[in-house]
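Here the structure is laid out as structure tokens; the discussion comes afterwards.
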There are 2 protein chains.
Amino acid sequence: MDTTQRTDQQRSADRRRRELLEAADRVVLRDGPQASMNAIAAEAGITKPILYRHFGDKGGLYAALATRHTDALLASLRAALDAPAERRERVEATLDTYLAAIEARPQVYRFLMHPAEGGQTADQGFEAGKHSIPLLRRMGEELAQVIEERVDLGPNSQQLARVWGHGIVGMMHAAGDWWLGERPCSRAELVRSLADLLWGRLAAAGDKAGGPGF
Amino acid sequence: MDTTQRTDQQRSADRRRRELLEAADRVVLRDGPQASMNAIAAEAGITKPILYRHFGDKGGLYAALATRHTDALLASLRAALDAPAERRERVEATLDTYLAAIEARPQVYRFLMHPAEGGQTADQGFEAGKHSIPLLRRMGEELAQVIEERVDLGPNSQQLARVWGHGIVGMMHAAGDWWLGERPCSRAELVRSLADLLWGRLAAAGDKAGGPGF
DNA sequence: ACCTGCATGTTACTAGCGGTAACACTAGCT
DNA sequence: AGCTAGTGTTACCGCTAGTAACATGCAGGT
């Protein structure tokens with residue numbers, strides 16, 4: 001039988017793959033999403049064709065890399081989301097977890113949010129809407145699931161939960177992106193403001209004096 | 001005086017510029033954000049260097065192109081935002097305006113949301129956060145201004161309004177992007193769900209039976 | 001010993017990209 | 001005439017993603 005042999009080979013291939021991914025990680029951490037295949041290969045101490053044998057094309061490598069970080073981030077988010085606490089507290093913890101992550105490793109964050117975007121070839125498919133950032137989609141679906149599991153939304157709850165999941169994730173993302181660039185306030189303040197928004201403070205607030213109609 | 005002469009030249013240059021922009025528009029509409037400078041030049045019936053003389057570099061052309069569409073979209077959004085109606089109604093009208101726009105011209109939408117992303121040179125700066133999509137930022141700031149003008153938020157209103165502006169825009173964007181890809185419901189339903197979210201229905205809803213702690 | 005198969009690695013190449021230098025032509029002003 | 005300014009070209013650079021062809025080292029079978 002050649003099973004043992006094959007297992008050995010597979011193992012060594014997997015190890016190599018992980019090594020390559022770690023090298024790629026280092027380069028992305030240093031150069032951002034513009035990291036070229038040449039640079040990654042050099043960092044790994046090899047040349048391009050090997051990368052292509054392992055990952056197919058740049059998209060494949062980037063997908064593998066993104067999956068890693070995405071999984072890690074999703075795990076922390078799930079922990080915050082599933083904690084045995086009041087809803088408001090859980091929401092704030094989740095927001096804070098996400099913001100802390102992007103604050104700690106902005107390069108990785110930037111990479112995850114702008115993955116494909118190659119240059120010339122491939123990229124087919126298109127189809128308007130297919131382009132969305134995978135991490136955002138996954139977070140949206142994850143959040144939708146938690147909402148549907150734990151919040152009583154009456155009929156049509158599944159669809160409502162999904163809209164909210166993606167909507168809230170988008171809110172978190174956009175606000176975080178803006179905050180990371182301008183740093184207009186502390187993280188805690190941002191978390192509080194966003195939670196306030198989700199808690200309906202916009203609807204509850206009164207009109208300002210000297211309003212419309214004058 | 002050379003004023004008339006200069007005016008003539010400027011006029012003709014401006015006309016040429018507009019023609020080139022329209023050609024670029026056609027190409028982007030056809031090829032998406034991957035449209036190459038060569039393709040745009042060919043569509044305009046000229047060659048690359050002329051494009052570069054007019055717009056500096058690819059970023060310049062794309063910025064000019066994006067400004068056009070962004071201005072148009074922002075104008076409609078402002079109209080919906082400033083209408084003399086109840087707040088909820090205005091919010092729903094704004095959401096619907098945005099969603100209708102991205103539904104009608106998904107290619108343009110995709111282009112606006114993924115502008116830069118060149119390939120090799122330039123792109124310096126980086127600085128984590130600088131990369132955000134201009135359209136989103138502008139919409140966020142616009143909304144923040146309207147919120148601050150018309151809603152009474154007590155002290156620190158400016159900062160709160162900005163957080164909310166960017167957050168709400170992000171929510172709209174992410175939900176719209178997901179919706180455009182999966183089409184899980186009608187536009188009206190989506191608008192209603194998002195408005196419900198902003199109106200605090202998440203906070204108001206009860207826990208689901210069989211909740212945590214068991 | 002020898003040959004076969006397979007994974008790993010290389011060099012050298014293609015095609016296309018963004019961007020630029022150098023040159024040709026036309027128009028109007030002095 | 002001559003000078004300047006704008007429009008246009010061809011031909012090139014350096015870079016990218018991706019590939020073909022060739023070399024090497026290590027299993028196992030005969």
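Protein chains get the first letters and strands the later ones, always in sequence-line order, with residue 1 at the start of each.
Rounded to whole Å, atom P of C/dG18 lies 16 Å from atom CD1 of B/Ile50. Atoms CG (A/Leu51) and P (C/dT8) sit 12 Å apart, rounded to a whole Å. Note: NZ (B/Lys58) to P (C/dG18) measures 4 Å, nearest angstrom. If you take OH of A/Tyr52 and P of C/dG9, they are 17 Å apart, rounded to a whole angstrom. Rounded to whole angstrom, the span from the CZ atom of A/Arg15 across to the C1' atom of C/dA7 amounts to 15 Å. Taking atom CG on B/Asn38 and atom P on D/dT9, their separation rounds to 12 Å, with Å as the unit. Between A/Asp57 atom CG and D/dA17 atom P there is a gap of 11 Å when expressed in whole angstrom units. Atom CZ of B/Phe55 is separated from atom P of C/dT20 by 15 Å (rounded to the nearest Å).
The shortest side-chain heavy-atom distance between B/Leu81 and B/Arg90 does not fall under the 4.5 Å cut-off.
In this structure, B/Arg183 forms a cation-pi arrangement with B/Trp179, its terminal cationic atom sitting closer than 6.0 Å to the ring centre and no more than 45° off the ring axis. In this structure, B/Arg88 satisfies the cation-pi test against B/Trp199, with its NZ or CZ atom closer than 6.0 Å to the six-membered ring centre and inside 45 degrees of the ring normal.
With hydrogens and angles left out, the side chain of B/Lys48 and the base of C/dG19 share a donor-acceptor pair within 3.5 Å. The base of D/dG6 has none of its N or O atoms less than 3.5 Å from a complementary donor or acceptor on the side chain of B/Arg16.
Both A/Gly56 and B/Pro49 sit near DNA chain D, but only B/Pro49 has its closest nucleotide nearer the 5' end.
When ring centroids are compared, A/Tyr62 and A/Phe55 stay outside the 6.0 Å threshold.
Using a 4.0 Å heavy-atom cutoff across all strands shown, A/Thr47 reaches at least one base atom of the nucleic acid.
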